[in-house]
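Only heavy atoms go into these numbers, but all of them, side chains included; no hydrogens, no water, no symmetry mates.
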Amino acid sequence: MCGIVGYIGKKQAYPVLIKGLERLEYRGYDSAGVALLENGAFSVYKKKGKVAELSKFVKNKNIKNFSGGVGIAHTRWATHGIPSDRNAHPHLSNNGDIVIVHNGIIENYLSIKKVLLKKNYKFKSDTDTEVLANLIEDIKNNAKVSIDEAVRLALLQVTGAYAILVLSKDEPNTMVVAKIGSPAVVGIGKGEFFVASDATPIVEHTKKVVYLEDREIAIIKNGKLRIKTIDNKIKNLYVQKLETKIEELEKNGFPHFMLKEIFEQPESLRNTMRGRILVDKGGIKFGGLEKFGKELRSLKSLTITAMGTARFTGLVGEYAFEELAKIPTKVEYSSEFAYRDASVDINTGFIAISQSGETADTLNAVKEAKRKNMLTLGVVNVIGSSIARAVDAGIYNHAGPETAVASTKASTSQVLILIMLAVYLGRMRDLSKAKAQEILKEMQRLPNLAEKILKNANEIKKLAKKYSKNNNFFFLGRKYNAGAAMEGALKLKECSYIHAEGINATELKHGPLSLIDKNFPSLVIAPNDSMYEKSKTGIQEIKARGGRVIAVATEGNREIKTIADDVIYIPKTLEILTPILAFIPMQLFAYYIAVERGNDVDKPRNLAKSVTVE
Ligand code: M6R
């Protein structure tokens with residue numbers, strides 16, 4: 001949800017910033033802009049559209065050499081004001097002395113704006129960001145303080161969640177970063193500093209980073225980095241080492257990140273399990289949970305919170321926790337848990353699932369769970385992210401960076417982690433060693449089974465072409481695959497813009513069936529499991545009403561070919577693991593339909609990868 005990048009050092013800032021914006025474009029892509037401090041003044045270039053539009057715009061200006069070694073940049077996901085050149089960041093303050101980029105929302109911007117209007121401040125955009133730029137200018141001029149102090153004093157007046165980067169032309173050797181809620185990372189190079197919403201633009205320059213905590217301000221001044229809080233307390237620097245490799249951030253010959261990430265699943269599943277599966281003992285090793293044995297043993301119920309895909313993986317997890325660990329579990333939207341007065345007790349464990357670890361709704365839910373004294377666990381992919389740092393204990397997915405807006409490899413990894421966690425908690429309770437061993441052995445086959453599905457990608461591509469003209473779709477599944485069906489529908493709608501509903505197959509006859517006709521196809525997940533007969537009945541009911549059906553079925557099932565119009569086969573595995581395999585063909589189906597319809601697959605319209613606003 002908006003990406004911010006900053007550079008201060010001896011290099012030319014412009015190329016560093018543009019490359020950084022490309023890396024962060026997954027966070028929002030309706031407009032982009034750069035501000036450079038050159039010869040004592042700010043040059044600001046901004047453009048509606050993707051970063052490529054901004055690059056083209058700047059290229060057309062035929063600028064021979066950018067002199068500035070200081071600059072900030074932004075790629076936007078609009079909240080206040082439509083996507084336009086005018087509303088694009090960076091925003092200058094009235095006298096042009098201060099420039100700012102901002103990710104997040106200033107909630108009380110209207111009341112601040114009112115005060116500034118009375119002082120004759122003029123506004124060129126509809127954004128909350130420009131209000132903050134002018135507030136900082138006003139404070140700096142009236143209180144006669146440095147830019148970092150002006151930022152600090154301004155933030156004392158501001159409510160909301162944000163990460164900001166600020167420059168002042170009077171202090172060319174200073175860059176100020178601050179955050180509450182939204183993420184910000186400072187990279188420490190040799191005589192240079194990089195700032196970004198996440199570490200991806202920093203990796204190629206330095207491995208040394210400092211993640212800012214909420215209410216912290218980083219002041220980079222005359223080649224030194226200091227951190228203090230908005231309440232003016234000095235903080236120690238906690239420098240961490242980045243593990244991400246630059247190759248992980250490239251497309252490596254695939255036409256889209258989404259396809260690359262789908263094809264990475266055998267490897268990401270392997271990495272999720274690496275060093276954690278102890279078949280001999282029938283156990284799992286989760287280093288991050290070791291200190292919490294006593295608390296985990298005494299859990300009587302679980303609440304899982306997440307949003308989007310992560311919530312659907314939670315729905316699969318719900319069945320696993322109840323079956324393997326016999327722990328009553330419920331899955332909630334993080335956004336609701338954060339605001340409703342959920343009734344929990346000290347023995348209710350809390351699990352937050354988030355690929356990015358930055359989803360504002362989920363972060364709020366974690367804070368609420370902590371306020372309620374629950375033991376908070378995180379299933380997070382991005383190392384060092386806000387949710388990973390906020391929870392009591394966590395399990396990293398190790399799925400590798402996920403760049404496409406549509407989540408794929410992180411989602412299969414999330415399901416796998418949840419089932420592993422169910423085995424882990426089950427073994428602390430009644431789950432037998434033999435049963436655990438059976439599951440763990442089968443888990444280890446998953447990467448190879450995923451490879452087998454991917455070898456069939458061309459068949460799914462043909463099927464996608466056949467169904468690409470439809471405007472509606474149902475995705476249906478039962479039990480473990482009900483959540484999988486919801487995920488399949490979400491994948492299709494976000495990439496292809498086809499209306500798709502994912503529902504528990506049994507619900508069909510309670511209303512949705514009325515929508516079925518020859519133009520309203522359904523994808524039914526129907527592996528050979530405990531629900532197979534019921535799924536078959538569902539398919540028959542659709543067929544009886546003239547609907548077309550694609551079945552996702554177990555290899556070797558010939559019968560299903562006589563009932564469904566088309567069949568996608570997945571290898572045989574344990575019922576509990578089928579959703580992991582079922583996700584993959586649905587991802588491919590959504591991907592190929594989106595390509596067929598000419599959509600920008602990696603950056604679907606109106607969306608952003610990391611939803612850091614509520
Ligand atoms: O980063 P998170 O896992 O917390 O993100 C949650 C959702 O925003 C995310 O899963 C979203 O639904 C994806 N675009 C789905 O592909």
Between NZ of Lys228 and CG of Asp148, what distance do you get to the nearest 0.5 Å?
-> 5.5 Å
Can we say Lys113 and Asp126 salt-bridge, meaning some charged N sits less than 4.0 Å from an Asp/Glu carboxylate O?
-> no
Salt-bridged, Lys179 to Glu216, with N to O below 4.0 Å?
-> no
Supply the atom-to-atom distance Leu132 CG to Ile100 CD1, rounded to the nearest 0.5 angstrom.
-> 4.0 Å
Any side-chain donor-acceptor pair under 3.5 Å between Thr412 and Gln265?
-> yes
In terms of side-chain heavy atoms, does Thr348 have a donor or acceptor partner in Ser301 at a distance below 3.5 Å?
-> yes
Does a salt bridge link Glu243 with Lys207, judged by any charged N lying under 4.0 Å from a carboxylate O?
-> no
Side-chain donor-acceptor pair present, Thr309, Ser407, cut-off under 3.5 Å = no
Are Glu575 and Lys479 close enough for a salt bridge, meaning some N to O gap below 4.0 Å?
-> yes
Does Arg76 count as lying over the ring of Tyr29, i.e. NZ or CZ under 6.0 Å from the six-ring centre, within 45 degrees of the axis?
-> no
Between the CD1 atom in Ile4 and the OG atom in Ser197, the distance rounded to the nearest 0.5 Å is 4.5 Å
Would you mind reporting whether Leu375 and Lys370 have side-chain heavy atoms less than 4.5 Å apart?
-> no
Between Glu25 and Lys603, is the closest basic N to carboxylate O distance under 4.0 Å?
-> yes
Decide, yes or no, whether a salt bridge links Asp602 with Lys609 under the criterion of side-chain N to carboxylate O below 4.0 Å.
-> no
Worked check of side chain to side chain contact (heavy atoms under 4.5 Å, CB included) between Ile304 and Val379 = CA-CA 10 Å; Ile304 298 176; Val379 177; over 6 Å; no
Which word best sums up how the rings of Tyr109 and His80 line up, parallel for under 30°, tilted for 30 to 60°, or perpendicular for over 60°?
-> perpendicular
Tyr497 atom OH, neighbour heavy-atom count above 12 within 6.0 Å | yes
Show your reasoning for whether salt bridge (Lys or Arg N to Asp or Glu O under 4.0 Å) applies to Glu290 and Lys285.
-> CA-CA 8 Å; Glu290 270 161 18; Lys285 185 174 165 55; 2.9 Å; yes
Of Ser610, Ser386, Ser182, which meets side chain to side chain donor-acceptor pair (under 3.5 Å) against Glu358?
-> Ser386
Residues Glu322, Lys326: salt bridge by 4.0 Å N-O rule | no
Would you please say whether a donor-acceptor pair under 3.5 Å links the side chains of Glu323 and Tyr480?
-> yes
Inspect the contact between Glu267 and Arg274 and indicate whether a charged nitrogen and a carboxylate oxygen are less than 4.0 angstrom apart.
-> yes
Are Lys409 and Glu264 close enough for a salt bridge, meaning some N to O gap below 4.0 Å?
-> yes
Looking just at side-chain N and O atoms, do Asp392 and Thr376 make a donor-acceptor pair shorter than 3.5 Å?
-> yes
Any donor-acceptor pair under 3.5 Å linking the side chain of Asn381 with the backbone of Ala399?
-> yes
Salt bridge check: are Glu332 and Arg340 linked by an N-O gap of less than 4.0 Å?
-> yes
Is it the case that more than 12 heavy atoms not belonging to Lys435 sit under 6.0 Å from its NZ atom?
-> no
Distance in Å, Glu318 CD paired with Ile327 CD1, rounded so as to fall on 0.5 Å steps | 12.5 Å
Within a radius of less than 6.0 Å around CG of Asp231, do more than 12 heavy atoms belonging to other residues, nucleotides or ligands occur?
-> yes
Take Tyr333 and Arg311, measure what side chain to side chain donor-acceptor pair (under 3.5 Å) needs, and give me the verdict at the end.
-> CA-CA 7 Å; Tyr333 291 99; Arg311 192 176 67 86; 2.9 Å; yes
Walk me through it: do Arg605 and Asp30 pass the test salt bridge (Lys or Arg N to Asp or Glu O under 4.0 Å)?
-> CA-CA 9 Å; Arg605 68 182 180 204; Asp30 60 47; over 6 Å; no
Would Lys372 count as a cation-pi partner of Phe337, with NZ or CZ less than 6.0 Å from the six-membered ring centre and within 45° of the ring normal?
-> yes
Would a distance-only check, ignoring hydrogens and angles, find a side-chain to backbone donor-acceptor pair under 3.5 Å from His89 to Thr75?
-> no
Going by atom types alone, do Asp361 and Ser334 pair a side-chain donor with an acceptor below 3.5 Å?
-> no
